[in-house]
Amino acid sequence: MHTSSRLKVASLFSGCGVLDYGLTQAGHEIILQTESDAAAREVLAARFQGICQPRDAGVVEVLPADTDLLAASVVSADVFESMRSSRGF
């Protein structure tokens with residue numbers, strides 16, 4: 001049971017971290033981020049140092065045990081269409 005106002009957040013499809021930045025500004029802690037775009041991953045690595053950052057959300061089979069909140073950014077339609085056509089979604 002969570003008793004603190006500070007949540008530990010697992011973030012999927014993090015992009016360059018805008019949602020994650022807002023969550024940290026609100027006092028929460030990002031403990032996991034996933035992002036496949038190389039340029040966005042560079043931004044995440046610079047702004048969120050020391051956080052587990054797998055490239056693909058599909059490799060995350062279990063969230064960290066201390067996760068209080070699962071956040072996910074919206075995938076844009078053009079990105080989704082590209083993923084669907086290349087991966088058979």
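If you read the sequence from its start, that first residue is 1, and numbering goes on from there. Being a predicted model, the structure only gives us computed values, none of them experimental.
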So, using side-chain contact (heavy atoms from CB on, under 4.5 Å) as the criterion, who are the partners of Glu29 when residues are at least two apart?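 With sequence neighbours excluded, Glu29 shows a side-chain contact (heavy atoms from CB on, under 4.5 Å) to Arg6, Lys8, Ile31, given in chain and number order.
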
Sequence-distant partners of Val62, side-chain contact (heavy atoms from CB on, under 4.5 Å), two or more places apart: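 Partners of Val62 under the side-chain contact (heavy atoms from CB on, under 4.5 Å) test: none.
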
Do Asp56 and Thr34 touch side chain to side chain, with heavy atoms closer than 4.5 Å? no

Minimum heavy-atom separation for Pro54 and Val60, please, with both atom names.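 Residues Pro54 and Val60, closest heavy atoms: CG-CG2, 4.0 Å.
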
Taking all heavy atoms of Phe48 and all of Gly17, pick out the closest pair and write down the distance.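 For Phe48 and Gly17, the tightest heavy-atom pair comes out as CZ-O, 3.9 Å.
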
Short side-chain to backbone donor-acceptor contact, Arg41 and Ser36, under 3.5 Å: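 No, because the side chain of Arg41 does not come within donor-acceptor range (under 3.5 Å) of the backbone of Ser36.
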
Can you tell me if Glu35 uses its side chain to pair, donor with acceptor, with the backbone of Gly15 under 3.5 Å?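 The answer is yes, because a donor-acceptor pair under 3.5 Å joins these two groups.
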
same_hphob_cluster(Ile51, Leu69) at 4.5 Å side-chain heavy-atom cutoff: yes

I'd like to know if Leu70 and Leu32 are part of one continuous hydrophobic network [Ile/Leu/Val/Met/Phe/Trp/Tyr, side-chain heavy atoms within less than 4.5 Å]. yes

Contacts table for residues 19-28: side-chain donor-acceptor under 3.5 angstrom, sequence neighbours left out:
unit_1: Asp20; atom_1: OD1; unit_2: Ser11; atom_2: OG; d: 2.8
unit_1: Asp20; atom_1: OD2; unit_2: Ser11; atom_2: OG; d: 3.1
unit_1: Asp20; atom_1: OD2; unit_2: Gln33; atom_2: NE2; d: 2.8
unit_1: Thr24; atom_1: OG1; unit_2: Asp20; atom_2: O; d: 3.4
unit_1: Thr24; atom_1: OG1; unit_2: Tyr21; atom_2: O; d: 2.7
unit_1: His28; atom_1: ND1; unit_2: Leu7; atom_2: N; d: 3.0

Output the distance between atom CD (Glu42) and atom CG (Asp37), rounded to the nearest 0.5 Å. 9.0 Å

